[in-house]
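For reference, the structure is listed below as structure tokens.
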Amino acid sequence: QVQLVESGGGLVQAGGSLRLSCAASGRTFSTSAMGWFRQAPGKEREFVATINWSGGNTYYAEFVKGRSTISRDNAKNTVYLQMNNLSAEDTAVYFCAGRKWRSTSAGGNEYDYWGQGTQVTVSS
């Protein structure tokens, strides 16, 4: 069983930056693709970014492309999401997710493990 714990959320002003972290337990992290998703109040969960098992392949949603970076440190069993130039529209709970496959995926239903989420609030 893999457990995921997110951290790094908080309140930030528009234009600011945050780095979210997701610490994973279990021996399968280094062979698992990981992803970040978010859910704003009253909205459905949506894909943000994904990274393959080695970190060599990444894919982003259009609304974060160019201002966010997903990365991972397999030695630390941790995946990160660096977000820059935040706006009020980025306010949401951000979830880390892992899948049993090595390849990236933007589909939430293709992930097997989920964290509890971390709140990101951007004030305008």
Side-chain angles (χ1 to χ4, degrees):
Q1 185 73 10
V2 175
Q3 291 186 325
L4 304 175
V5 179
E6 303 95 335
S7 62
L11 176 63
V12 63
Q13 289 187 334
S17 299
L18 280 177
R19 188 175 82 154
L20 306 182
S21 299
C22 173
S25 65
R27 293 176 289 179
T28 61
F29 176 82
S30 62
T31 59
S32 299
M34 302 295 294
W36 286 95
F37 293 78
R38 72 183 188 183
Q39 187 167 20
K43 295 186 177 181
E44 293 186 353
R45 182 183 65 197
E46 61 182 350
F47 164 74
V48 178
T50 180
I51 188 168
N52 75 333
W53 68 281
S54 67
N57 187 29
T58 58
Y59 179 68
Y60 298 90
E62 283 299 319
F63 57 78
V64 296
K65 194 174 293 185
R67 62 186 183 95
S68 294
T69 302
I70 187 171
S71 61
R72 65 189 296 159
D73 186 339
N74 285 347
K76 295 182 178 180
N77 275 18
T78 303
V79 63
Y80 307 96
L81 181 66
Q82 174 71 42
M83 300 188 294
N84 303 318
N85 194 24
L86 289 162
S87 70
E89 288 69 34
D90 295 312
T91 294
V93 178
Y94 284 72
F95 297 91
C96 172
R99 59 196 304 256
K100 297 178 180 178
W101 302 97
R102 295 174 182 249
S103 58
T104 58
S105 175
N109 59 357
E110 296 186 0
Y111 285 79
D112 303 289
Y113 312 110
W114 291 85
Q116 293 300 307
T118 184
Q119 175 71 47
V120 171
T121 303
V122 184
S123 63
S124 57

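This one's a predicted model, so the numbers in the text were calculated from it and none came from an experiment.
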Discussion item. S68 vs V48, test: side-chain contact (heavy atoms from CB on, under 4.5 Å). Steps then yes/no.
Written reply: CA-CA 9 Å; S68 294; V48 178; 5.7 Å; no

Worksheet item: How about V12 and M83: do any of their side-chain heavy atoms sit closer than 4.5 Å?
Response: no

Fill in: Heavy-atom side-chain proximity of V120 to L20 below 4.5 angstrom
yes

Practice prompt. Given side-chain contact (heavy atoms from CB on, under 4.5 Å), test W114 with R45 step by step and report yes or no.
Written response: CA-CA 12 Å; W114 291 85; R45 182 183 65 197; 3.4 Å; yes

Worksheet entry | Test item: T50 side-chain N/O and T104 main-chain N/O as donor-acceptor pair under 3.5 Å | no

Fill in: Minimum-distance pair of heavy atoms, taken over all atoms of A24 and V2
CB-CG1, 4.5 Å

Worksheet item: CG of L81 to OG of S21: how many Å apart, nearest 0.5 Å?
Response: 9.5 Å

Worksheet entry | E46 CD: over 12 foreign heavy atoms closer than 6.0 Å | yes

Discussion item. Looking at every heavy atom in both Y60 and A49, which two are closest together, and how far apart are they?
Written reply: CD2-CB, 3.6 Å

Discussion item. Between E6 (side chain only) and C22 (backbone N and O only), is there a donor and an acceptor less than 3.5 Å apart?
Written reply: no

Worksheet entry | Reported OG1-to-CZ distance for the pair T91 and R38, which is rounded to 0.5 angstrom | 9.0 Å

Worksheet item: What's the spacing between R102 CZ and S32 OG if we round to 0.5 Å?
Response: 9.0 Å

Worksheet item: Under 3.5 Å, side chain of Y111 to main-chain N/O of A33, donor-acceptor pair present?
Response: no

Worksheet item: Within a radius of less than 6.0 Å around CD of Q116, do more than 12 heavy atoms belonging to other residues, nucleotides or ligands occur?
Response: no

Worksheet item: Could you state the interatomic distance from OG1 (T31) to CH2 (W101), rounded to the nearest 0.5 Å?
Response: 11.5 Å

Discussion item. Checking the side chain of N77 only, and the main-chain atoms of G26 only, is there a donor and an acceptor separated by less than 3.5 Å?
Written reply: yes

Fill in: Exceeds 12 heavy-atom contacts within 6.0 angstrom, atom NZ of K43
no

Discussion item. If I take atom NZ from residue K76 and atom OG from residue S30, how far apart are they, to the nearest 0.5 angstrom?
Written reply: 16.0 Å

Worksheet item: R99 and E110: which non-hydrogen atoms are nearest, and at how many Å?
Response: NE-O, 3.1 Å

Discussion item. If hydrophobic clusters are built from ILVMFWY residues whose side chains come within less than 4.5 Å, do V79 and W53 share one?
Written reply: no

Worksheet item: Rounded to the nearest 0.5 Å, what separation is found between the CD1 atom of I70 and the OH atom of Y59?
Response: 13.0 Å

Practice prompt. Identify the heavy atoms of A14 and S124 that sit nearest to each other, and give their distance.
Written response: CB-CA, 4.2 Å

Practice prompt. Tell me, with the steps shown, if F63 and E89 meet side-chain contact (heavy atoms from CB on, under 4.5 Å).
Written response: CA-CA 10 Å; F63 57 78; E89 288 69 34; over 6 Å; no

Worksheet entry | Donor-acceptor contact present, side-chain Y94 to main-chain G8, <3.5 Å | no

Practice prompt. Identify which one of I51, N52, T78 satisfies the side chain to side chain contact (heavy atoms under 4.5 Å, CB included) criterion when paired with R72.
Written response: I51

Worksheet item: Would you call the rings of F47 and F37 parallel, tilted or perpendicular, where under 30° means parallel and over 60° means perpendicular?
Response: perpendicular

Discussion item. When you group the ILVMFWY residues by side-chain heavy-atom contacts below 4.5 Å and let the links chain together, are L18 and V122 in the same group?
Written reply: yes

